[in-house]
Amino acid sequence: MQTAIRGRWAVAAIFLANGFLTGAWAPQIPVVLTRLDISKFTLGLLILLFGAGAVTAMTWCGHLISRHGSRTVLRWFGLIGSFGLLVVALAPNVPLAAIAMFIFGGSIGGMDVAMNANAVTVERRLSRAIMSSSHGFWSLGGFAGGALGGFAIQNYGHLAHAMVVTALAFAVIAVAVRYLVAEDKPQVTEHHKFALPGNPLVYLVGLMALLTMISEGAVLDWAALYLQQELGTDLAIAGLAYAAFSGVMAVMRFAGDGVRNRFGAVTTLRISALVAAAGMLVAGLAPSPWLAISAFAFCGFGIANMVPILFSAGGNQEGMSSGTGMSVVTTMGYSGILVAPSAIGFIAEHSSFGPIFVALSGLLVVVFLMAGLAHRAEFAPDAAPAE
């Protein structure tokens with residue numbers, strides 16, 4: 001049991017580092033726009049490559065986990081991923097930035113599947129849910145990365161910021177990977193070849209993850225530019241949009257396991273989707289930056305436990321390993337980050353961000369209507385947990 005407890009905190013540290021790297025990227029986005037002297041549409045295409053790298057890695061990650069285990073795969077992607085932001089910050093032109101973004105996205109995406117699959121393994125060892133609080137550590141990392149990033153870049157430069165982020169992330173990951181738990185035994189039936197699962201329910205859960213993460217990705221990639229260019233605030237304040245979003249998500253995710261256990265995964269998902277939709281709607285209609293920041297925070301209050309519930313549902317599907325189900329749901333979810341940035345960038349070139357955020361609130365209403373399909377997230381631990 002002590003091994004499982006250490007593993008629980010080790011995977012929490014990986015979630016924290018992954019969120020920190022992702023949050024630190026948000027205030028770097030306006031810098032990329034000006035540093036490379038590109039349009040918002042071109043920036044959207046670069047972010048598209050981040051998503052393409054993530055989805056490419058995620059597509060194969062379930063197969064890798066079934067062969068090597070989530071612990072080993074998480075070690076590979078985690079240590080490589082800690083250098084992703086620095087590689088992007090060093091890119092001097094658009095072609096090299098494109099390659100850097102694909103590598104950064106791939107490493108972050110691979111980490112994401114492996115750490116969620118490892119969290120499911122820890123849940124089974126401990127016979128209790130930890131997924132929401134694990135994602136709470138991710139949001140806490142995102143809050144720290146977003147809140148400190150704008151200030152650090154404005155005062156010390158984007159490269160110094162990226163170097164410090166890299167050093168901190170690498171140190172945390174290098175220590176944490178030593179204590180990760182492994183699955184009880186490899187599932188050799190999945191070793192022969194890569195194949196997609198046949199259960200249609202896992203794809204519907206993946207669709208809900210996609211709709212949710214389109215909204216989450218829009219706040220990550222475009223909220224700072226929205227506040228800076230359309231609501232007239234400076235970079236330091238603009239970075240607070242994603243920081244507030246992530247900070248509120250962190251608080252709610254730490255409470256999320258208890259809320260889910262009391263009210264059930266499906267009810268929690270339904271209420272969360274409505275709250276998130278309301279927050280996104282107000283953010284898109286906000287006349288001032290501080291109202292927009294508050295609305296993004298309220299949206300984070302709703303989105304907080306949507307992704308953990310959907311990931312738990314994906315990792316607990318009948319007839320497949322947690323790694324395989326997690327790979328499908330995370331790949332589809334992160335396809336939102338693949339598709340949305342370039343589309344949003346193209347639309348924003350011809351209109352503005354406000355109506356885009358209003359439209360995104362409608363996607364969250366769709367998740368509300370589909371919430372009953374996430375019933376596999378009602379946590380049911382193994383009958384005989386491993387010590």
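What you see below is based on every heavy atom in this structure, not just the backbone, and it leaves out hydrogens, waters and symmetry mates.
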J.: When clusters are formed by joining ILVMFWY residues with side-chain heavy atoms under 4.5 Å apart, either directly or through shared neighbours, do Val11 and Val172 land in the same one?
T.: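 Cluster IDs for Val11 and Val172 differ.
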J.: Starting from the C-alpha separation in whole Å, work towards a yes-or-no answer on side-chain contact (heavy atoms from CB on, under 4.5 Å) for Thr72 and Trp76.
T.: CA-CA 7 Å; Thr72 298; Trp76 296 344; 3.5 Å; yes
J.: Indicate yes or no: at least one non-hydrogen side-chain atom of Ile103 is less than 4.5 angstrom from one of Val88.
T.: no
J.: Who passes side-chain contact (heavy atoms from CB on, under 4.5 Å) against Gln228, sequence neighbours left out?
T.: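 Here the qualifying residues are Pro30, Leu225, Leu235, Ala238.
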J.: Do Phe143 and Ile237 belong to the same hydrophobic cluster, where Ile, Leu, Val, Met, Phe, Trp and Tyr are linked whenever their side-chain heavy atoms lie under 4.5 Å apart, directly or via other members?
T.: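 Cluster IDs for Phe143 and Ile237 differ.
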J.: Please check: side-chain N/O of Arg75 versus main-chain N/O of Val177, any donor-acceptor pairing under 3.5 Å?
T.: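 Yes; at least one donor-acceptor contact below 3.5 Å.
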J.: Closest heavy-atom contact between Val32 and Leu46?
T.: CG1-CD1, 4.2 Å
J.: Hydrophobic cluster membership, with links at side-chain heavy-atom distances under 4.5 Å among I/L/V/M/F/W/Y: are Ile29 and Leu227 in one?
T.: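 Cluster IDs for Ile29 and Leu227 match.
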J.: Might you point out which heavy atoms bring Cys61 and Val73 nearest each other, and give the distance in Å?
T.: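 Result for this residue pair: SG-CG1, 3.7 Å.
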J.: Taking the side chain as everything from C-beta on, heavy atoms only, tell me whether Arg253 gets closer than 4.5 Å to Phe137.
T.: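 Side chain of Arg253 against side chain of Phe137, heavy atoms only: no contact under 4.5 Å found.
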J.: Side chains of His375 and Leu201, heavy atoms from C-beta outward: is any pair under 4.5 Å?
T.: yes
J.: Any side-chain to backbone donor/acceptor pair from Arg178 onto Ala10? Under 3.5 Å, distance only.
T.: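 Such a contact is absent between Arg178 side chain and Ala10 backbone.
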J.: Any chance you could measure Leu74, atom CG, to Leu64, atom CG, to the nearest 0.5 Å?
T.: 12.5 Å
J.: So which residues get pulled into Met163's cluster when ILVMFWY side chains under 4.5 Å apart are joined, directly or through others?
T.: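 Met163 clusters with Leu86, Leu90, Leu159.
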J.: Could you tell me whether Asp37 atom CG has more than 12 heavy atoms of other residues or ligands within 6.0 Å of it?
T.: no
J.: Taking all heavy atoms of Gly146 and all of Ala243, pick out the closest pair and write down the distance.
T.: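 Minimum heavy-atom separation between Gly146 and Ala243: C-CB, 4.0 Å.
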J.: Assigning hydrophobic clusters by single linkage (Ile, Leu, Val, Met, Phe, Trp, Tyr; side-chain heavy-atom cutoff under 4.5 Å), is Tyr179 placed with Ile5?
T.: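 No, no single cluster joins them.
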J.: Roughly how far apart are Trp25 CH2 and Ile47 CD1, rounded to 0.5 Å?
T.: 5.5 Å
J.: Considering all heavy atoms of both residues, which atom of Pro27 and which atom of Gly149 are nearest to each other, and what is their separation?
T.: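 Smallest heavy-atom distance, with atoms named: CG-CA, 3.6 Å.
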J.: Let me confirm one number: the CD1-CG distance from Ile14 to Leu180, rounded to the nearest 0.5 Å.
T.: 5.5 Å
J.: Does the side chain of Ser133 pick up a donor-acceptor pair with the side chain of Arg8 at under 3.5 Å?
T.: yes
J.: Taking only residues two or more places apart in sequence or in another chain, which ones pass side-chain contact (heavy atoms from CB on, under 4.5 Å) with Ala119?
T.: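 Partners of Ala119 by the side-chain contact (heavy atoms from CB on, under 4.5 Å) criterion, ordered by chain and then number, come out as Phe15, Ile130, Met131, Ser134.
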J.: Name every donor-acceptor pair, under 3.5 Å, that has one atom in a side chain of residues 354-361 and the other anywhere in the protein, sequence neighbours excluded.
T.:
unit_1: Ser361; atom_1: OG; unit_2: Val358; atom_2: O; d: 2.5

J.: Does Asp112 offer a backbone N or O that forms a donor-acceptor pair with the side chain of Asn116 under 3.5 Å?
T.: yes
J.: A quick test of your reading: do over 12 heavy atoms of other residues, nucleotides or ligands sit less than 6.0 Å from CZ of Phe151?
T.: no
J.: Distance check, rounded to the nearest 0.5 Å: Ile108 atom CD1 versus Phe77 atom CZ?
T.: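 Output value for this atom pair is 11.0 Å.
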J.: Determine which pairs satisfy side chain to side chain donor-acceptor pair (under 3.5 Å) with at least one residue from residues 159-172, sequence neighbours left out, and list them in order.
T.: Gln28-His161
J.: Per the ring pair (Phe, Tyr, Trp, His ring centres under 6.0 Å) rule, what does the pair list look like for residues 83-109, sequence neighbours excluded?
T.: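 Those involving residues 83-109 are Phe50-Phe104, Phe83-Phe170.
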J.: Rounded to the nearest 0.5 Å, how far does CE of Met249 lie from NE2 of His135?
T.: 10.0 Å
J.: Apart from Ile80 itself, what residues make up its hydrophobic cluster when side-chain heavy atoms of I, L, V, M, F, W and Y under 4.5 Å apart count as a link, directly or indirectly?
T.: none
J.: What side-chain donor-acceptor pairs closer than 3.5 Å can you find for residues 363-371, not counting sequence neighbours?
T.:
none

J.: Determine whether Leu45 and Phe41 make a side-chain contact, defined as any pair of heavy atoms from C-beta on separated by less than 4.5 Å.
T.: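 Answer yes - side chains close enough.
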J.: Just jot down the side-chain contact (heavy atoms from CB on, under 4.5 Å) partners of Ala169, sequence neighbours excluded, or say none.
T.: Leu21, Ser82
J.: Without placing hydrogens or testing angles, list every side-chain donor-acceptor pair under 3.5 Å for residues 262-291, not counting sequence neighbours.
T.:
unit_1: Thr268; atom_1: OG1; unit_2: Gly264; atom_2: O; d: 2.7
unit_1: Ser272; atom_1: OG; unit_2: Thr268; atom_2: O; d: 2.7
unit_1: Ser288; atom_1: OG; unit_2: Leu291; atom_2: N; d: 3.4

J.: For the hydrophobic clusters of this structure (ILVMFWY residues joined by side-chain heavy atoms under 4.5 Å, transitively), does one cluster hold both Met58 and Ile214?
T.: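 Yes, one cluster joins them.
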J.: From Tyr226 OH over to Ile293 CD1, what is the distance, rounded to the nearest 0.5 angstrom?
T.: 11.0 Å
J.: Using distance only, find each side-chain donor-acceptor pair of residues 295-314 under 3.5 Å and give its atom names and separation, not counting sequence neighbours.
T.:
unit_1: Asn305; atom_1: OD1; unit_2: Ser132; atom_2: OG; d: 3.2
unit_1: Asn305; atom_1: ND2; unit_2: Met252; atom_2: O; d: 3.4
unit_1: Ser312; atom_1: OG; unit_2: Arg260; atom_2: NH2; d: 3.3
unit_1: Ser312; atom_1: OG; unit_2: Pro308; atom_2: O; d: 3.3

J.: Counting only N and O atoms by type, is there a donor-acceptor contact under 3.5 Å from the side chain of His158 to the main-chain atoms of Ala89?
T.: yes
J.: What residues, two or more places apart in sequence or in another chain, satisfy side-chain contact (heavy atoms from CB on, under 4.5 Å) together with Asn93?
T.: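 With neighbours one apart ignored, the set is Pro95, Leu96.
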